[in-house]
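Reviewing the structure listed below.
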Amino acid sequence: MISEYEKTRNINIQRNKELLESLGLDKPLVEPKEQKRKPSTTSKKRKSTATNDEAEEPSQPATKSQCIEIATNPDSTVRRSSRNTGKHVDYRSEIRGDQVLPLAFSSGVKISENEGPLGRDDGVRKHDPKTYGSIPGVEVGTWWETRKGCSIDAIHAPWVGGISGGRQGAYSVALSGGYDDDVDLGYAFTYTGSGGRDLKGTKAAPKNLRTAPQSSDQTFENPFNQMLKRSSETKKPVRVIRGFKLKSPYAPSEGYRYDGLYHVEKAWTEKGLNPKGYLVCKFAFKRLPNQPSLPVREVSQSDETTE
DNA sequence: GGGCCCGCAGGG
DNA sequence: CCCTGCGGGCCC
């Protein structure tokens, strides 16, 4: 028995896929090369492309070779899971003891060995997140345990919000599975806008939430949705991070990963995947060429509730 | 697992 | 100031 929710979701996903196809986004511009991870033993070097300024120019994405050359530091690859926070897990002995590696590492979900926050530990930014294009020193594939790390490294400033931007368009977006009918092809994806959620709850039950179910239409009046629409006009590059909650083969198994620059190809509205069919703002993203290929999860996500 | 409630950075 | 938002921690 397929639930109404499932049915609507399948329809929406199909529609969004067709939309991406109609835009020519069903295939990557460049076929991803095979991801070879050579077990280098050279010391870690972090190339900081010292091209600051230029908030107007899309800065160059890091090349693939740059990322691969970063060596594996055995001590720094110890990965903590946000799900295990406060559980007093000795990750180091876990790895050295029984050779169990965290999934994010063993399945090759990372591209770069970079692990944030980079640079400073005091939480002060070295770079301004209110810029278009890449952030100096932060390679495509850089991984953080929490959204706070993304913020410190100026990749995506908001700790919760999915969209950050300015007058000429969005600076960055976070894909974290907030909307079930979004389609993620890696090199292209659909994204749902902000708003239309009742974050306060009722007077009787003031929840003071940060996220909540859809309870009204989204519109392009919403400043964040407006920014993304602007992006589709100005073609400013948008930084994209993918989070572990995203249901996609391109999602990291833990934490958040910087996946490089995308363009917003189209903005539209459609009936969203919610009980009342409230309208949502939708956006089609396309990844810019000449960036490291995205890692794919080996374990397929068979979390379909097929019963 | 789910419910609740919190700080925080950003934008108006 | 105010309010928002694809987190996260804690408690159960």
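Just so it is clear, the structure is predicted and the values come from calculations on it, not from any experiment. Excluded from the calculations below are hydrogen atoms, water molecules and symmetry mates; all remaining heavy atoms, backbone and side chain alike, are included. Chain letters run A, B, ... following the sequence lines, proteins first and then strands; every chain starts at 1.
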Go through it in stages, so that I can follow the logic: the residues are A/Asp184 and A/Arg242, the test is salt bridge (Lys or Arg N to Asp or Glu O under 4.0 Å), and I'd like the CA-CA distance, side-chain angles, deciding distance and then a yes or no. CA-CA 10 Å; A/Asp184 184 15; A/Arg242 282 185 173 83; 2.8 Å; yes
May I have the step-by-step check of side chain to side chain contact (heavy atoms under 4.5 Å, CB included) for A/Tyr278 and A/Val280, ending in yes or no? CA-CA 6 Å; A/Tyr278 293 116; A/Val280 293; 5.8 Å; no
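For the pair A/Lys245 NZ and C/dG7 P, the interatomic distance rounds to 4 Å; values are reported in whole Å. At whole-Å resolution of the value, CG in A/Leu209 and P in B/dG3 are 11 Å apart. Between A/Trp159 atom CH2 and B/dG11 atom P the separation is 16 Å, expressed in whole Å. As rounded to whole Å, 13 Å separates atom C1' of B/dG10 from atom CD1 of A/Ile163. What separates CD1 of A/Ile155 from P of B/dA9 is a distance of 18 Å, to the nearest Å. Put simply, CD on A/Glu221 is 16 Å from P on C/dT4, counting in whole angstrom units. Computed from coordinates, the A/Asn222 CG to C/dG5 C1' distance equals 10 Å when rounded to whole Å. Between A/Glu145 atom CD and C/dG7 atom C1' there is a gap of 12 Å when expressed in whole angstrom units.
Nucleic acid contact for A/Gly178: base, since at least one base atom lies under 4.0 Å from a heavy atom of the residue. A/Gly193 comes within 4.0 angstrom of nothing in the nucleic acid, heavy atoms only. Across all strands, A/Gly195 comes closer than 4.0 Å only to sugar-phosphate atoms, never to a base (heavy-atom distances). Residue A/Pro223 is in sugar-phosphate contact alone, with no base atom involved, counting any heavy-atom pair closer than 4.0 Å across all strands shown.
For A/Arg167, no side-chain nitrogen or oxygen approaches OP1 or OP2 of B/dG12 to under 4.0 Å. In this model, the phosphate group of C/dC6 is approached by a side-chain N or O of A/Ser194 to a distance below 4.0 Å at OP1 or OP2. Here A/Lys130 reaches the OP1 or OP2 of B/dG11: one of its side-chain N or O atoms lies under 4.0 Å away. The shortest distance between the side-chain N/O atoms of A/Tyr171 and the OP1/OP2 oxygens of B/dG11 is not below 4.0 Å. Applying the 4.0 Å criterion to OP1 and OP2 of C/dG7, one finds that A/Ser176 has a side-chain N or O inside that range.
Taking a centre distance below 5.5 Å and an interplanar angle below 30 degrees as the stacking criterion, A/Phe224 does not stack against the six-membered base ring of C/dT4.
Distance from the side chain of A/Thr146 is smallest for C/dG8 among the nucleotides B/dG10, C/dG8, B/dG11. Among the nucleotides B/dG11, C/dG7, C/dC6, the one closest to the side chain of A/Ser164 is B/dG11.
Shown here, C/dC6 forms no base pair; nothing in the strands shown gives a Watson-Crick or G-U wobble contact with both key distances under 3.5 Å.
When ring centroids are compared, A/Phe189 and A/Tyr262 come within the 6.0 Å threshold.
In this structure, CG on A/Leu261 lies 5.0 Å from CD on A/Gln291, to the nearest 0.5 angstrom.
Nearer the 5' end of DNA chain B, as judged by each residue's closest nucleotide, is the contact made by A/Val160, out of A/Val160 and A/Ala157.
With respect to the salt-bridge test (charged N to carboxylate O, under 4.0 angstrom), the residues A/Lys282 and A/Asp182 qualify.
Using a 4.5 Å cut-off on side-chain heavy atoms (C-beta onward), A/Glu221 and A/Gln226 make no contact.
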